[in-house]
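In what follows, every chain begins at residue 1, and chains take the letters A, B, ... in the order their sequences are listed.
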Amino acid sequence: MDKTYQPEQIESRWYERWEADGRFAPSGEGTPYAIMIPPPNVTGSLHMGHAFQDTIMDTLIRWRRMQGRNTLWQVGTDHAGIATQMLVERKVAAEEGKSRFDLGREAFIDKVWEWKHESGGHITRQLRRMGASVDWSRERFTMDDGFYQAVQEVFVRLHEEELIYRGKRLVNWDPTLHTAISDLEVENRDQQGQFWHFRYPLADGVTTDTGADHLVVATTRPETLLGDTGVAVNPEDPRYASLIGKFVTLPLVGRRIPVVADEHADMDKGSGCVKITPAHDFNDYEVGRRQDLPLINVFTQDAAILSRAEAFDIQGRPLPDVDPSLPAAYAGLDRFAAREAIVADMQAAGLLEKTETVNNTLPFGDRSGDVIEPLLTDQWFVAVESLARPAIEAVENGDIEFVPKNYENMYFAWMRDLQDWCISRQLWWGHRIPAWYDAEGNVYVARSEQEAREKHGLSADMALTQDDDVLDTWFSSGLWTFGTLGWPEPTEELATFHPTSVLVTGFDIIFFWVARMIMLTCKFTGEVPFRQVYVHGLVRDGQGHKMSKSKGNVLDPIDLIDGIDLETLVEKRTGNLMQPQKAKAIAKATRDEFPEGIEPHGTDALRFTFLSQATTGRDIKFDMGRLDGYRNFCNKLWNASRYVLMNAEGEDTGLDHAPVELSLADRWIVSQLQQTEAQVTRALKEFRFDHASQALYEFVWNEYCDWYLELSKPVLWDAAQESANVAGDRMSGATDAASAAAKRGTRRTLVRVLEAILRLAHPMMPFISEEIWQRVAPLAGTCQGEGDSIMVQPWPVADDRLLDEAATRDIEWLKGVIVAVRNIRAEMNIAPGKPLEVLLTQGTETDRARLAANRLFLAKLAKLERVDWLDDPAKAPLSATQLVGEMEVLVPMAGLIDKDAELKRLAKEIDKQDKLIQGIEKKLGNESFVAKAPEAVVQKERDKLDDVQSTRRVLVEQRNKIAAL
RNA sequence: AGGACCAUAGCUCAGUUGGUUAGAGCGCCACGUUGACAUCGUGGAGGUCGGCGGUUCAAAUCCGCCUGGUCCUACCA
């Protein structure tokens, strides 16, 4: 093995090997365990969020696989309607200077498929680099043939049940992308805006109670004035009671519009009068419905002003009686230009009362960045009410459990206030809506054109045209858990793996995806899609900022794995910026943060970092320091393994039946291992990946490496003779045979514990664990020969019979003595390598027995040349002292110890004890504590006080003795 | 406006049902090239657990209020 851990050399080969050996497919045996990967965008690339999420899923899957479960990790990608279409449109524009309209629908879609074939492998390659053990043989795509069938089926059935309907509704319209988008795709951003107060003249000579001939309405959107069909006042508002039912004349247009009474008008805001534009505002739409006002649309699909308005009733039927004329001056003006023109004209007409600056929130399309316009358009909707009910119940009654639990509230809050879901998108890339129209505009919904004709008895020569729209991407991804398993066919996979076990996802798509999956899955399979939802936070940068290209703080997981030099990193972060002026600042920040670029860390270290940071219910501030730390941890494991192999390969590791004797240390580390196995298993069960990784880390580094490997050295390297030299009394019966049995026992333990560590580590660190296991397992007798893999070894199960409390206490004692000596060395500035003589006094029988059994360990680890019992404490030479329980560890000072330093050290120790004593005495002095606290708690405090007091007594004696010198 | 979550060492975070001498990693200081590892070892410094109040014999932990931060939902005529 190389002296240092070099991940790039081992990671490349193992993944290919596993995949080639078919290790990722379900075993077909054991209780099923399934996870469906949240399908990433097919043309996307793997970001930190994916890497994090995939690490968690892979850890779960590898763990369950080792437990013998029949595991399926379903992989696939999403066609991602808008995102992909935009990407390809930009590409075509850049490369061919053509728009999608230049190409036409079919040719454009061909281009998208082409792009998919070209770049769709990118993210799947990256997934492989992360070590994700997904079943590639079942890879799916949300627009493959099977999904096409599932989507048609769901749409048609919902339509048959009248849960899908079509209508002219006000929807969020993206004027750039020319499509409807859902509420969820709208991002509200605070802006500073203008607030214009307009006068609307009262018609027919009417005046207000105060004698004014007009009403004042305020708006941030003057251009919608053209579509006003009423002015609302609050029915309770005495100021305007007499005007209800009267009319105002809409300025600039001249339309007579009524004053209506509606609770929407807030008496305390502005003048208390509100202009009502049902075709351009969601609230006004509702007012229009209540007050039976016409809807007058004044915008084109680009959000420019129409030359003639379009009037409808609330059902979307045209209203031929409404005068559609608009002032010619505005025709064709963009909404923002129209706004300026209208304000200017109102001012010129003396109808602008005042202008204020206000903070308001504007809706932006999260894809286009354009201001979203509520627009009256024909769209398809899912009536969600009846679907939501079972979906809510599934969570209420525990069929689906959110981890952490508080996300259930978020889910309920949203589900109980659902609006019908607008599922049509005016895009080309996606599942085309299975609806056909005849010449009269009658609509026929069916699985195919042919079925439409059969179903409705339409003649073969009757012209039918399919709906141009496609479905919202989330409509198809909502079928992910069962669509991937072959639905609507009643497949074996569906029977085996559905409902799936757990969904791992970010809270940001609970509404987009999780809620819709639950609704659609309950509806069509009668089952929940998954039993548990593990919700994780967002991966942020080290300062807690969201990673984004425009901030220039994006980290690419692959760069953390392979490393990247500074110049390449700067180039990556500053290239292709939307705002190129930011490049300089980004470059500087990058150079400051990564002066040397980023070193390679390997996949295992990155995964371990994610897991250690995967704490519940909070976002992750990605910590480069921890990444370094866990890379070092891999190196530690690597080198510990080198040590084990050096001492065990070609040696007797107790595989045959020769006698084996386990030392105290052997029994102790085996006992500790059981606890670690139990801890890691429990943590994984509870989704506490941070605890799981920490338990492993601590065991490997702080117990196995720091102590056990050190304790193994005297056994393996030092002859019995040598220990006898150190011994004050005789080593008894240290025969060659006994020594051989002891060595065998230690080698066997070294190897077996390491082998178990590797299995325990494998779900978290698949590569390094496999690499080392291949060498170690044969020595432990757990390898079935060439071609075997750690992936399919049994998960370690703690065996309580191997817990050894006596050994643990003995080792704690030994550690205590060793640390005491080291402490004296460090504080007294005694060279670490200088052999010392140590005296022990005030020991119990147990202490004496422990010393007798552990002389060699003590001598080696504390670098002692002599250890002796001092029978009469009064005769102790002047020494530096440490206490281990009641026992005193003395390092005689002669020629070694600095008097002042020792006094200082003792003073510090005494002070510490004093503070403790104070605290405990205060507690015990409190009568109600003694009276009311459980007896055990009180007794514990008393014992503690005794301990601390006697420690203090010894320290004070010691101090006095030295001070008297 | 309503709601959620967070606030513990310089930094990133643990802390199970209230009882611990409040922990880890990184960073910091001192010493150290002992035959697995300097991507290391040994020892150490560093916290009135955001603030105030309450419940309790006992609060980092439970309750209330406040401050600061993140986010979601709604509204903003």
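- The separation between A:Q419 atom CD and B:A74 atom P is 9 Å, rounded to whole Å.
- For B:C57, the OP1/OP2 oxygens have no side-chain nitrogen or oxygen of A:K923 closer than 4.0 Å.
- Rounded to a whole Å, the CG atom of A:L611 is 15 Å from the C1' atom of B:G25.
- If you take CG of A:N406 and P of B:C71, they are 17 Å apart, rounded to a whole angstrom.
- Pair assignment for B:A36 gives none, since no Watson-Crick or G-U wobble pairing has each distance under 3.5 Å.
- Between the CG atom of A:N632 and the P atom of B:G41 there is a distance of 9 Å, rounded to whole Å.
- Pairing partner, B:G23: B:C13, with both Watson-Crick or wobble hydrogen-bond distances short of 3.5 Å.
- Residue-level contact check: A:C705 touches the bases, meaning some heavy atom is under 4.0 Å from a base atom.
- Across all strands shown, A:N283 has heavy atoms under 4.0 Å from sugar-phosphate atoms exclusively, and none from any base.
- The backbone N or O of A:G537 sits nowhere less than 3.5 Å from a side-chain atom of A:D619 that would complete a donor-acceptor pair.
- A salt bridge links A:D911 and A:K915; the closest N-O separation between the charged side-chain nitrogens and carboxylate oxygens is under 4.0 Å.
- If you check every strand for non-hydrogen atoms under 4.0 Å, A:R682 touches a base.
- Considering only side-chain atoms of A:Y697, the nucleotide from B:G25, B:G43, B:A36 that sits closest is B:G25.
- Spacing between atom OH of A:Y708 and atom C1' of B:A36 amounts to 15 Å, rounded to whole angstrom units.
- Residue contacts for A:M410: at a heavy-atom cut-off of 4.0 Å it reaches no nucleic acid atom on any strand shown.
- With respect to the salt-bridge test (charged N to carboxylate O, under 4.0 angstrom), the residues A:E599 and A:R631 qualify.
- Cation-pi geometry between A:R607 and A:F610 is not satisfied (NZ or CZ under 6.0 Å from the ring centre, within 45° of the ring normal).
- Among the heavy atoms of the strands, none lies under 4.0 Å from A:W196.
- With salt bridges taken as basic N to acidic carboxylate O contacts below 4.0 Å, one links A:K815 and A:E703.
- Look at A:W717 and the base of B:G35; the rings stack, centres closer than 5.5 Å and planes less than 30° apart.
- Note on A:K713: a side-chain N or O is less than 4.0 Å away from OP1 or OP2 of B:A36.
- Counting non-hydrogen atoms under 4.0 angstrom, A:F195 reaches the backbone sugars and phosphates but no base.
- For the pair A:Y5 OH and B:A38 P, the computed distance is 16 Å after rounding to whole Å.
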